[in-house]
Amino acid sequence: MSYISYFDLLGTRGFCEDHNIYFDNMEKFYKAIVDMSCFLKGHGRIGIFSDCAYAESNDLQCLLQFLTELRDRLISDGLFFNAVVKAGQLGVDSISKGVKPKCRSTEEKSSLQEDLGNEDKPTVFGVKFTEKDIAKLYILQSNFKGIGIYIDKNITDKEIYDAGYRITKCFFMSKTNEDGKKWIPVEYRDIAFNPSRYGDKSISNTLSIILSALYSSYVKAPNYGIYYISILCNIIRSYRTGFKWNLSINKFEEQPVAFNVIFNILSNYHQAVEHIVGIENLLLIMLDEIYNCSELHYNEKRDITKLYVNKTCLRTKYIHSLNTIPGFLFSNTNKNNSNKNLFIRLCQEIFSTEFVHNVITTIQSSNPSNNWREDA
Amino acid sequence: MPERKIERKTIFLYPQTMREDTDSYIEISQLITDIKTIINISNKQIEELLCDTCFSEIKCMPSVTMRCIGETNQSFNDYKNVRICIIKYNEYDYSDNYKDIIKSYNNGSSDISHLIALHINQKCNKVKFYKESDNDFDVVVETGLDFLDKLLISIMLDISIYHYFCLSSSIDNRKRFNVMKYKYLYKKYKMNTPDNIYGQAFSEKEKLYLPFSLYNVIQISENSKNEKENIEDLISEFAEFLVESMAEKVQISKNGTVCDPYDHKKDTYEILEKYIERNIDSLETPCVIIIFDQKATKNSLPIVLNYDKESNRIPSWAEKLMDDSNGYDIYKLQKDVKK
């Protein structure tokens, strides 16, 4: 069995505006690939061309280790890639063709050979692929509008698990095929970050780098910021333990750093990021993880949901259209036991209680003699 | 006046690991990734600290770049800017990697006034500065990854504040300055006991590089005071340090003559004498007078700054200078009560 990957560096066109930045970033990219190539442990190889690379390995564990270590190393340098992985073969064939010039004299021949190349300096050099899988790989990568490692359907969850990695169910935003104008979330599988490697401070540092790059890109154009949604989703799904809710003050005593940061952005700085289409869906991903947390009780989950759905970005998007929320944003897609159903139920409870409370309060304040009672 | 900005790049070297030993390669590779992340963040934080706080002008923007020792890449032969080297990571020892760097440093090819060896110990949750007799580094710093950003920021802040006060860029001056700094810090933090921020007891005679701003950087990270106040304190303390360490003591009589004058080589001494003569009636001592060398100032005339009376003395001191020639002299005046 063989596995193949294609990945490219994000934002290269932007680097080109300053050739020094372009050169530095390419150097970092190449060095990172070369340094991390040892993780293939002799079970594969990598081909680099400009700002992209192909990798092939007969060992999925090695290939994933190479990609995850590369991902982390690039982030540390403030760089990001989007990669796809599928089972298949590249069929790599190298090209190296020199052209012998037809010349009248020995001097002309010697001079032309120097300019045009001979067999030691080929006129044409490169790589071609002989297997069909390369076409599917290329299409997958072109359609993946996010940062991360996209795992194709032809690799099963079990294969990933057996390789020692965890799948995270993530999403990226893409334009629909119908009119090319509407953005919709598209689900995909990514590889989790390793939570045991990082303490809170390290995760904060990584998040700072990502958010800095996100905003820097977003300032140029809203669509550039959209690419970062997938990696933020993956971070939420990767660092998802350590919740403690204080019922009396309606606040978290403890929560994962990523949740705290992203919730803060979407609560207090939403206007700064409001044109990043789909970013509010990160709140739903966070709620999904909260619902999966066995340490939290139903009442706590309800209160947390109330805190989240009252955020403007979520409320304006989904109130009166909860049924349109894509099911894949939540776990347990079994209809009888779905986090999406739990979310809808809690929203119904929260908003109807709020509505009745507001109505009663209005009536009581205008006519105090009426003994209207709110139902519990 | 055109903006003058010095760029001081610190090269941070990490070891080339043996690829045959895959387990250690994995560990070191992940360490390098973690350190690169910390450096990325530290560079951003120093930029914020310098731009958003109370420096009236950014004269020097320092930054840290990471490089692998033994890279064949032609772009790295920048031995002269190597300041930090990882010599140990937990039980792995990489001291042997840096012989050429040390040779270059010792023979004067380096532009760095202090070479720092870093021992990253994951079990260490504080920082410890010490000297090892069997290596030529100016200091060994042992710390964990959680403290590394504070160390880097304090090193860069020291560089920036040195240039903020327009002290001389000459390598000899910078080396002498480190010795002066050590003596001042030794006294300030009573470092003959281990209970100080540099992690252990020191002797007065040691010559060790210590970052001046470490205390303030720790305070900023602990949020015990806001950033602006911490930086204001740092700039004030640094100015006090310069006054205490560099000021020449001058005794003057009631009528303004200098007691025990001697054949002074400093250009500013004549200016001082004239200043005292003109202002003797209003001069209150003890006081500190800073005289800016005529060639070093933005004005055509030398500037005299009565340090104790200037209400906004720190910025005005640093603002008046136009280059890094250490173009000022500090005098501490005391009236002789007998004469």
Side-chain angles (χ1 to χ4, degrees), chain A residues 20-21 23-43 59 61-62 64-80 164 193-213 215-216 235 257 261, chain B residues 7 9 12 14-48 63-76 78 120 122-123 125 143-153 221-222:
Chain A
N20 288 323
I21 294 178
F23 180 76
D24 280 347
N25 286 342
M26 285 299 120
E27 284 297 311
K28 284 175 188 168
F29 181 56
Y30 299 148
K31 179 134 178 44
I33 293 174
V34 167
D35 282 355
M36 301 300 111
S37 65
C38 72
F39 290 107
L40 287 178
K41 293 171 196 157
H43 291 287
D59 187 318
Q61 191 274 330
C62 293
L64 291 179
Q65 187 165 30
F66 162 69
L67 287 170
T68 52
E69 294 292 336
L70 180 63
R71 173 186 64 186
D72 292 355
R73 178 61 66 90
L74 288 175
I75 292 174
S76 76
D77 273 326
L79 299 173
F80 304 90
F193 286 85
N194 182 353
S196 61
R197 232 188 95 179
Y198 297 99
D200 275 1
K201 182 156 181 187
S202 193
I203 300 166
S204 290
N205 286 343
T206 301
L207 264 174
S208 291
I209 293 173
I210 294 170
L211 292 170
S212 175
Y215 210 79
S216 178
I235 286 188
V257 160
V261 168
Chain B
E7 272 188 31
K9 207 196 308 186
F12 184 138
Y14 62 91
Q16 180 83 277
T17 46
M18 299 298 292
R19 292 187 184 211
E20 290 82 18
D21 182 356
T22 316
D23 284 344
S24 80
Y25 190 88
I26 292 171
E27 220 183 320
I28 302 304
S29 182
Q30 290 175 346
L31 169 73
I32 304 310
T33 299
D34 291 344
I35 295 179
K36 275 179 178 270
T37 303
I38 292 168
I39 286 176
N40 194 323
I41 297 295
S42 303
N43 281 334
K44 289 194 169 78
Q45 284 176 342
I46 189 73
E47 211 177 301
E48 279 171 26
S63 63
V64 181
T65 305
M66 231 171 140
R67 285 277 189 269
C68 176
I69 183 74
E71 265 182 3
T72 55
N73 186 326
Q74 284 176 338
S75 66
F76 176 63
D78 202 2
I120 297 178
Q122 293 288 55
K123 294 176 193 159
N125 56 9
T143 189
L145 285 180
D146 280 351
F147 198 91
L148 186 58
D149 61 330
K150 298 188 231 338
L151 174 69
L152 294 176
I153 291 170
S221 74
E222 289 173 358

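In what follows, chains carry the letters A, B, and so on, assigned in the order in which the sequence lines appear, proteins first and then strands, with residues in each chain numbered from 1.
- Here the side chains of Ser208(A) and Lys44(B) are not in contact, with every heavy-atom distance at 4.5 Å or above.
- Take Gln30(B) and apply the side-chain hydrogen bond (donor to acceptor under 3.5 Å, both in side chains) test, not counting sequence neighbours, and it matches Glu69(A).
- For the pair Tyr25(B) and Asp35(A), the tightest heavy-atom approach, listed with the atom from each and the gap, is OH-O, 2.8 Å.
- Considering only heavy-atom pairs separated by less than 4.5 Å from chain A, the leading option among Ile38(B), Ile39(B), Ile32(B), Thr33(B) is Thr33(B).
- In this structure, Arg73(A) contributes its side chain and Lys36(B) its backbone to no donor-acceptor pair below 3.5 Å.
- The CE atom of Met66(B) sits 9.0 Å away from the CG atom of Asp77(A) when rounded to the nearest 0.5 Å.
- A side-chain contact (heavy atoms from CB on, under 4.5 Å) with Thr206(A) is found for one member of Thr37(B), Asn40(B), Ile41(B) and no other, namely Thr37(B).
- Residues satisfying the salt bridge (Lys or Arg N to Asp or Glu O under 4.0 Å) criterion with Lys201(A), sequence neighbours excluded, are Asp149(B).
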